[in-house]
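In what follows, a single structure is set out as structure tokens and then discussed.
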Amino acid sequence: MKEQLRAHLLYLAEQGVQGLEIPGLPDNVSDNRAETDFNRECLQALWHRLENCTRCKLHRGRNNIVFGEGSPTPDIVFVGEGPGRDEDLQGRPFVGRAGALLNRILAAMGLQREEIYICNVVKCRPPNNRNPEPDEISTCSPFLAQQIDILQPRVICALGNVAAAFLTGRNAPMTVLRGRFYDYRGICVRPTYHPAAILRNPGYRRPVWEDVQELMRYIGKPVP
Ligand code: URA
């Protein structure tokens, strides 16, 4: 990613661009703007590579590809397993019942959806909300990897077993996986229960709250 950025900046320099300042703004603001715009463009380019995707069998039943959405420069990326019915219909992640609960968790963390980024391991809905199969994960996950490479968040929150297994590289129950940080492509990963699991089992509320508090402490923004 750094290489891509360097190549892009070299290209701009060759075109005669002398820095990326925006008149009237302090340097760090113009840097932030440049990074935001650059990341947004990279995400857009990646999204175009997925358009009309037929790489795996999930394309047969989908209405919309659910690429992901949120800040192009987030501190936190939330990764779920794959779109459900509502997400498939709207083309947006976590907009159904589980999404409503995720919104409430975010609000309790003092966050708005626009500040973070939300996406899934697979971008098309598995039929009848089954788990994505290994061939579907291996076909689609390079797109998640590239999203993470572009976004470079401080931390990733893996929601549920599928995202946790993929991002930690370990196949173990959430009771075993949660409670510590892992590494995915140089980024810290904190696994926790999926919001849909909390809807089925309210007993998961407390561990999820502990996990997200830990995550906020890690990025230096503890929940008061
Ligand atoms: N569940 C997921 O894992 N992802 C979504 O986008 C919605 C529900």
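Order of appearance sets the numbers: ligands from 1, and atoms from 1 within every ligand.
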Exercise. Closer than 4.0 angstrom: is that true for some heavy atom of His194 and an atom of ligand 1?
Worked result: yes
Exercise. At a 4.0 Å cut-off, with the gap strictly under it, does some heavy atom of Gly82 reach an atom of ligand 1?
Worked result: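 A heavy atom of Gly82 does come that close to ligand 1.
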Exercise. What part of Glu81, side chain, backbone, both or neither, has a heavy atom within less than 4.0 angstrom of ligand 1?
Worked result: both
Any ion pair linking [Y] and [X] (charged N to carboxylate O, less than 4.0 Å)?
| X | Y | answer |
| --- | --- | --- |
| Lys221 | Glu115 | no |
| Arg92 | Glu87 | no |
| Asp88 | Arg62 | no |

For this session: Return the residue, atom name and 0.1 Å-rounded distance of the protein heavy atom closest to atom 4 (N) of ligand 1.
Result: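 For this ligand atom, the closest protein heavy atom is Asn120 OD1, 2.7 Å.
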Exercise. By number and element, which atoms of ligand 1 are closer than 4.0 Å to a non-hydrogen atom of Pro93?
Worked result: 6 (O)
For this session: With heavy atoms of Gly80 as the reference, note each atom of ligand 1 found under 4.0 Å away.
Result: 3 (O)
Problem set entry | Aromatic ring proximity, centroids under 6.0 angstrom, His194 and Phe78 |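 When the ring centroids of Phe78 and His194 are compared, they turn out to be at least 6.0 Å apart.
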Exercise. Within 45 degrees of the axis of the six-membered ring of Tyr204 and under 6.0 Å from its centre: does Arg206 put its NZ or CZ there?
Worked result: no
